[in-house]
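Below you'll find the structure, written out as structure tokens, and then a few comments.
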Amino acid sequence: MDMSQSNHPTEASDEAALLRRYAEGDPVAARLLAGQMTPRVFGHAMRMLGNHAEAEDVTQEAMMRLWRIAPDWREGDAKVSTWLYRVTANLCTDRLRKRGTMGLDEVAEPEDPQMSAEQNMQQTARVDALQKALNTLPDRQRQAVVLRHIDGLANPEIAAILEVGVEAVESLTARGKRALKQALEEKRDALGFSDE
Amino acid sequence: MSDKNHNDDIELEALFANARAHPPVVPHEMMARVIADAKTMQPSGTGPRWRNWFAAFGGLPALGGLVTATCVGFWMGVAPPDIVPDLAAAVMGVETTANPEYEGSVINGYGWDIGEG
């Protein structure tokens with residue numbers, strides 16, 4: 001797994017420079033920022049919430065906060081994407097808390113418009129199975145696992161996003177992975193793993 | 001690590017890899033809304049130096065006060081109220097009187113006559 005991409009030393013300064021250009025009124029920067037950041041935010045929100053409509057709401061709100069803070073952004077304070085992930089994670093946590101005691105069966109099934117009927121059914125089954133298993137994890141474990149293993153962030157950045165120490169991140173991801181394995185155990189045959 | 005654990009790790013990593021390879025697709029309508037928000041919220045094309053100077057100066061209220069003070073000062077310079085010369089004399093502790101000897105002098109302005117008594 002390539003975890004180095006998100007930690008490229010120039011990425012943080014590129015993001016900050018783009019945000020500065022946006023704040024200075026550059027219309028191209030607005031499109032570039034939206035194009036770069038929206039898929040990351042939406043992807044994370046989808047994995048966290050497992051619901052398309054809620055993920056859209058969270059994404060729009062998170063991006064709105066980015067536009068709002070742009071004029072006051074100080075380079076060197078934090079990485080823009082880290083800050084945005086933190087906002088997204090907090091918005092997702094708020095949503096999950098509001099769901100309260102809602103059972104998992106009441107949560108909308110994961111949707112992915114990219115998956116069409118022509119595409120491989122096993123691939124669809126694997127994506128859905130992982131999402132359902134993620135939905136069974138406690139919020140913090142789910143956040144840590146998604147950030148680490150799907151969003152591909154390094155532990156120090158995840159620690160900054162979740163506002164915990166690196167050791168806590170390691171613990172959360174380890175426990176999350178163990179729980180995922182248990183949740184997926186009985187679906188191994190259906191996912192085609194028994195023959196591999 | 002047992003073989004089973006090792007296999008479980010491999011299978012889980014395969015699921016993660018599959019998820020990374022097929023991220024949720026951002027709906028066009030949502031992207032359009034995000035870009036529309038960005039344009040709505042975007043500051044106008046003024047540069048940050050101007051904004052910083054403006055903010056350091058105190059923003060719009062301070063600028064409004066400065067403009068008002070400037071207008072009042074200009075007005076008093078052009079058409080000073082009658083009370084102004086008396087006030088100046090009271091503050092400076094001197095009295096001025098018209099002196100015919102100085103009429104036509106080139107230095108009867110700028111207060112030189114007042115300073116020299």
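Any value given below was found using the heavy atoms of this structure, including those in side chains, with hydrogens, waters and symmetry copies removed. A, B, ... follow the sequence lines: proteins, then strands. Residue 1 opens every chain.
- Salt bridge B:D9/A:K181: present, at least one basic N to carboxylate O contact under 4.0 Å.
- Nearest heavy atom pair, residue B:M31 against residue A:P39, reads CE-CD, 4.4 Å.
- For B:Q42 (side chain) and A:D26 (main-chain N/O), a donor-acceptor pair under 3.5 Å exists by modelled atom type.
- With a 4.5 Å cut-off on non-hydrogen atoms, A:V146 does not touch chain B at all.
- With values rounded to the nearest 0.5 angstrom, A:M64 atom CE is found 5.5 Å from B:M41 atom CE.
- Heavy-atom neighbours of A:R31 CZ from other residues, nucleotides or ligands within 6.0 Å: at or below the threshold of 12.
- Remark: the backbone N or O of B:P43 is not paired with any side-chain donor or acceptor of A:Y22 at under 3.5 angstrom.
- Both A:V28 and A:L33 belong to a common hydrophobic cluster when Ile, Leu, Val, Met, Phe, Trp and Tyr are linked at side-chain heavy-atom distances under 4.5 angstrom.
- Considering only heavy atoms from C-beta on, A:P27 stays 4.5 Å or farther from B:K39 through its side chain.
- Considering all non-hydrogen atoms of both residues, A:I150 and B:R20 come closest at O-CG, 3.2 Å.
- At least one donor-acceptor pair under 3.5 Å links the side chain of A:R47 to the backbone N or O of B:A19.
- Once rounded to the nearest 0.5 Å, the distance linking CG of A:D151 with CZ of B:F16 reads 11.0 Å.
- Using a 4.5 Å heavy-atom threshold, the side chains of B:M30 and A:T59 count as touching.
- The closest side-chain heavy-atom distance from A:F42 to B:P23 is not below 4.5 Å.
- The shortest non-hydrogen separation linking B:L15 to A:L130 is O-CD2, 3.6 Å.
- Contact check for A:E56 versus B:R33: side-chain heavy atoms found under the 4.5 Å cut-off.
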Query raised in the report: Is there a side-chain contact (heavy atoms from CB on, under 4.5 Å) between A:Q60 and B:D37 once you walk through the steps?
Result: CA-CA 8 Å; A:Q60 198 168 354; B:D37 286 344; 3.1 Å; yes
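- Of all heavy-atom pairs spanning A:H52 and B:V25, the tightest one is NE2-O, 4.5 Å.
- Between atom CG of residue A:L180 and atom CD of residue B:E11 there is a gap of 13.0 Å, rounded to the nearest 0.5 Å.
- The two atoms that bring A:W67 and B:V34 nearest to each other are NE1-O, 3.6 Å, heavy atoms only.
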